[in-house]
Protein chains: 2
Amino acid sequence: MAEAKGLSDTRQAIMRSAADLFAELGYRNTSIRAIAADAGCDPALVPHYFDSKEALYSAVIADTVRPAEVLREALRRGDAGAAEWLLRHAVADWEDPEQGRRILGVLRSVLDLPVARERMSRALLPREVADSGADEVRVWLVSSLFIGIMTSRHMGLLDETLFKEGGEGAVDALAPVVEALLGAGEPDV
Amino acid sequence: MAEAKGLSDTRQAIMRSAADLFAELGYRNTSIRAIAADAGCDPALVPHYFDSKEALYSAVIADTVRPAEVLREALRRGDAGAAEWLLRHAVADWEDPEQGRRILGVLRSVLDLPVARERMSRALLPREVADSGADEVRVWLVSSLFIGIMTSRHMGLLDETLFKEGGEGAVDALAPVVEALLGAGEPDV
DNA sequence: CGAGCAATTCAACACCCATTGAAATACGGC
DNA sequence: GCCGTATTTCAATGGGTGTTGAATTGCTCG
């Protein structure tokens with residue numbers, strides 16, 4: 001075997017290095033050469049396995065977690081416990097090394113690359129949520145809060161102890177906030 | 001040719017174009033050549049007036065608004081009205097073209113340039129606030145929310161009607177959130 | 001006028017970038 | 001053994017980057 005491209009060992013190494021570097025430095029600041037160096041192969045292999053740098057990025061974030069589904073579930077519950085449930089889900093995603101890396105990979109490049117922006121936009125607001133109308137504002141605001149938290153944390157602004165031990169600190173601190181947020185956009189309809 | 005304007009006015013043009021482009025595209029995606037083209041001058045003038053691209057960036061964001069002072073004032077008030085007061089201040093800053101441009105200029109490049117990260121960090125948390133200890137977490141969380149809001153909005157994720165008419169929509173939607181946030185980090189100490 | 005000085009232009013440097021195509025290597029099937 | 005395919009290397013291309021230093025303009029003042 002070993003004729004299918006997808007099974008190549010270095011191909012996976014490239015993917016992993018790319019995910020790491022894109023998350024750490026962002027799309028623009030990550031060079032194909034740096035990826036190849038990290039993966040321990042020749043730079044020419046990158047456009048060989050993946051067609052281009054942008055295609056590589058797309059492949060890296062192809063199966064990013066879709067926070068919208070979690071948000072939708074939280075909205076469906078609707079009661080007070082939804083906030084804490086949502087927060088635990090989010091924190092768990094952030095803490096999971098694989099998921100966290102993917103999320104950061106998108107977040108870190110979302111301002112540089114149109115495709116990243118579009119993906120995040122679509123991931124955050126699929127049609128089902130958009131169609132619900134009244135929920136839209138709440139979804140965006142919760143997303144905004146999470147984006148801010150992740151960005152701040154990535155910038156080293158947030159105390160890391162907030163996220164230790166299953167993120168109890170973060171959950172406790174943010175639960176009332178998310179609670180207020182989930183009820184915020186609710187009109188009198 | 002044109003009349004002599006004391007201190008070069010192309011220098012100001014460079015500064016203005018740089019502020020625009022840095023805010024729009026970020027530090028890394030903005031080239032000196034693009035700045036010069038926008039300002040209508042030769043690229044060599046940029047390193048001539050300002051020593052380097054990074055120095056130009058520093059000059060552009062030299063007098064960025066310091067949200068920490070506003071935050072501190074809000075914390076000093078401490079009552080429920082503080083949240084709304086803080087929000088109105090923040091929204092006003094975002095809407096002001098000059099301030100908004102500066103803020104975006106920092107936010108957009110804070111992940112690319114260490115100096116931007118350091119500046120934002122220092123701007124958000126001066127020593128007075130840091131020394132207060134218990135307030136620190138609250139300051140960071142409020143900052144995170146604002147960072148998220150600004151980022152989301154810059155990504156085009158947020159409904160712009162939220163910010164029309166003095167940002168009444170945003171204030172209304174976020175007031176209870178900020179309220180919860182200002183009380184969140186309060187420990188039993 | 002012409003010297004002096006700032007403002008500006010021009011051409012070039014050295015470097016990094018993504019991408020390409022041809023050559024070289026490893027390796028399983030016949 | 002050889003063949004074909006997949007994998008990898010090598011060298012090069014064309015373009016963009018920040019920055020530099022010398023040359024050129026434009027203007028003010030002696």
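Chain naming here is simple, since letters A, B, ... match the order of the sequence lines and numbering starts at 1 in each. Note that the structure is a prediction, hence the values are computed from the model and not measured.
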Is the phosphate of D/dG16 approached by B/Ser31 (side-chain N or O, under 4.0 Å from OP1 or OP2)? no
Can you see if the side chain of A/Thr10 gets near the phosphate of D/dT8 - specifically, an N or O under 4.0 Å from OP1 or OP2? yes
Nucleotide [N], atom [atom2] - distance to [atom1] of [X] in whole Å:
{"X": "B/Ile14", "N": "C/dT9", "atom1": "CD1", "atom2": "P", "answer": "10 Å"}
{"X": "A/Tyr57", "N": "C/dT19", "atom1": "OH", "atom2": "P", "answer": "15 Å"}
{"X": "B/Asn29", "N": "D/dG18", "atom1": "CG", "atom2": "C1'", "answer": "15 Å"}
{"X": "B/Leu56", "N": "D/dT17", "atom1": "CG", "atom2": "C1'", "answer": "15 Å"}
{"X": "B/Phe50", "N": "D/dT19", "atom1": "CZ", "atom2": "C1'", "answer": "16 Å"}
{"X": "B/Leu25", "N": "D/dT17", "atom1": "CG", "atom2": "C1'", "answer": "15 Å"}
{"X": "A/Ile35", "N": "C/dC16", "atom1": "CD1", "atom2": "P", "answer": "17 Å"}

Look at the side chain of [X] and decide which nucleotide, out of [options], has an atom nearest to it.
{"X": "B/Ile32", "options": "C/dT9, D/dT19, D/dC10", "value": "D/dT19"}
{"X": "A/His48", "options": "C/dT19, D/dT7, D/dG18", "value": "D/dT7"}
{"X": "B/Ala44", "options": "D/dG21, D/dT19, C/dT19", "value": "D/dG21"}
{"X": "A/Lys53", "options": "C/dA18, D/dT9, D/dT20", "value": "C/dA18"}
{"X": "B/Leu45", "options": "C/dT8, C/dT20, D/dT8", "value": "C/dT8"}

Among A/Leu45, A/Thr30, A/Asp20, exactly one meets side chain to side chain contact (heavy atoms under 4.5 Å, CB included) together with A/Ile35. Which residue is that? A/Thr30
Starting at CD of A/Glu98, measure out to CG of A/Asp93 and round the result to the nearest 0.5 Å. 12.0 Å
Comparing B/Asp42 and B/Ala34 on DNA chain D - which has the more 5′ nearest nucleotide: B/Ala34
Report which part of the nucleic acid B/Tyr49 touches: base, sugar-phosphate, or nothing (heavy-atom distance under 4.0 Å, all strands). sugar-phosphate
B/Arg16 atom CZ, neighbour heavy-atom count above 12 within 6.0 Å: no
Row check, B/Phe22 ring normal vs B/Arg28 NZ/CZ: under 6.0 Å, within 45°: no
Do NZ/NE/NH1/NH2 and the carboxylate oxygens of A/Arg153 and A/Glu160 come within less than 4.0 Å? yes
Would you say the side chain of B/Arg33 and the base of D/dG16 hold a donor-acceptor pair, judged only by whether the two atoms sit under 3.5 Å apart? no
